[in-house]
Amino acid sequence: NLFGLFWGREKVKPERDGPMLRKYLVPFVKKAITPPSKLRKIYWVAPPISGRVSGEVQEFVFGQTQKGIGGVTQVIDSRKLISYPYKHMEPDKEHFIGEDMNKWADKVWGEIDRDLSAQSWSDVRPLSESIAKLAPVAAPSATPATASLVVKAKLVSTTKPIQKEE
């Protein structure tokens, strides 16, 4: 979750935060589309509204996602697909379940379906031909060899996957 990079902050520092986000976004997409990849479409679903970070952070993350990988991927702004606060919101004020989750997923699929229906699949070129459209990534800053990261997590709940109707 890219919002975790802004934990405890309300304000954005574009000169620092832009390269930090690109460091995560661009290499992921670049790896996915590097030959011999035959991928023709990538849909990046930006998160819906979060109650954990400020609107400024959310707008910045979406803008940087669009700027960094939008030339190669279809970035979907899912904030406009469902209203906040959610009816069945998890305690983190970010995740939600139930009817809102299904409505959100259906609207995301609607956006993807609309895009896929807009042109003949044979006219869609492999994304490997678009690799030059990715934003450059600044060289990573030196990290002390003693740096470490400890992650603790707890699974709160699971949901059954939605079955595709055939």
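By convention here, the first residue in the shown sequence is residue 1. Quantities reported herein were computed from a predicted structural model and do not represent experimental measurements.
Of the inter-residue distances, the one linking Asn102 atom CG with Thr159 atom OG1 reads 9.0 Å to the nearest 0.5 angstrom. The structure places CD of Glu111 at 9.0 Å from CG of Asp115, a figure rounded to the nearest 0.5 Å. Separation of atoms NE2 (His95) and CE (Met101) is listed at 12.0 Å; rounding is to 0.5 Å. Note that CG of Leu5 and NZ of Lys23 are 8.0 Å apart. Values are rounded to the nearest 0.5 Å.
Under 3.5 Å, the side chains of Gln66 and Asp77 contain no donor-acceptor pair of N or O atoms.
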*Check the pair Thr65 / Phe60 against side-chain contact (heavy atoms from CB on, under 4.5 Å), numbers first and verdict last.*
CA-CA 8 Å; Thr65 302; Phe60 182 78; over 6 Å; no

*asked:* Test side-chain contact (heavy atoms from CB on, under 4.5 Å) on Val53 and Trp7; report intermediate values, then the result.
replied: CA-CA 7 Å; Val53 295; Trp7 188 252; 5.7 Å; no

*Carefully, step by step, assess Val29 and Leu25 under the rule side-chain contact (heavy atoms from CB on, under 4.5 Å).*
CA-CA 6 Å; Val29 172; Leu25 297 168; 5.8 Å; no

*May I have the step-by-step check of side-chain contact (heavy atoms from CB on, under 4.5 Å) for Ile76 and Trp44, ending in yes or no?*
CA-CA 6 Å; Ile76 298 173; Trp44 188 279; over 6 Å; no

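No donor-acceptor pair under 3.5 Å is formed between the side chain of Arg40 and the backbone N or O of Leu127. Remark: the backbone N or O of Ile42 is not paired with any side-chain donor or acceptor of Thr73 at under 3.5 angstrom. Counting only distance, with no hydrogens or angles, the side chain of Glu56 and the backbone of Val12 share a donor-acceptor pair below 3.5 Å. The closest donor-acceptor contact from the side chain of Gln58 to the backbone of Ser50 lies under 3.5 Å. Not one N or O on the side chain of Lys133 forms a donor-acceptor pair closer than 3.5 Å with the backbone of Val72. Under the 3.5 Å distance criterion, the side-chain polar atoms of Tyr86 are matched with a main-chain donor or acceptor of Ile49. Between the side chain of Asp100 and the backbone N or O of Lys103, no donor-acceptor pair lies under 3.5 Å. At distances below 3.5 Å, at least one donor-acceptor pair connects side-chain atoms of Ser37 with backbone N or O atoms of Ala32. With hydrogens and angles ignored, the 3.5 Å screen pairs a side-chain donor or acceptor of Asp17 with a backbone N or O of Lys13. A distance-only check finds no donor-acceptor pair linking the side chain of Ser78 to the backbone of Leu81 [under 3.5 Å].
At least one side-chain heavy atom of Glu10 sits under 4.5 Å from a side-chain heavy atom of Ser54. Taking the side chain as every heavy atom from C-beta outward, Phe62 and Leu2 never approach each other to under 4.5 Å. Contact check for Glu129 versus Pro126: side-chain heavy atoms found under the 4.5 Å cut-off. Looking only at side-chain heavy atoms (C-beta outward), Ile131 and Lys30 come within less than 4.5 Å of each other. In this structure, His88 and Phe96 have side chains that are not in contact, with every pair of non-hydrogen atoms separated by 4.5 Å or more.
Val45 is connected to Tyr84 through a chain of hydrophobic side-chain contacts under 4.5 Å among Ile, Leu, Val, Met, Phe, Trp and Tyr, so both are in one cluster. Hydrophobic clustering, with ILVMFWY side chains joined whenever heavy atoms are under 4.5 angstrom apart, keeps Val124 apart from Ile69. Grouping the Ile, Leu, Val, Met, Phe, Trp and Tyr side chains by contacts below 4.5 angstrom, directly or via other members, places Val75 with Met20. Hydrophobic clustering (side-chain heavy atoms under 4.5 Å, transitive across Ile, Leu, Val, Met, Phe, Trp, Tyr) groups Phe28 together with Tyr24. A chain of hydrophobic side-chain contacts below 4.5 Å, direct or via other Ile, Leu, Val, Met, Phe, Trp or Tyr residues, connects Ile112 to Trp121.
For CD of Glu99, the number of neighbouring non-hydrogen atoms (other residues, nucleotides, ligands) closer than 6.0 Å is 12 at most.
Looking at every heavy atom in both residues, Met89 comes nearest to Pro85 through CE-CB, 3.6 Å.
Remark: Arg52 fails to qualify as a cation-pi partner of Phe3 under the 6.0 Å distance and 45° angle criteria applied to the six-membered ring.
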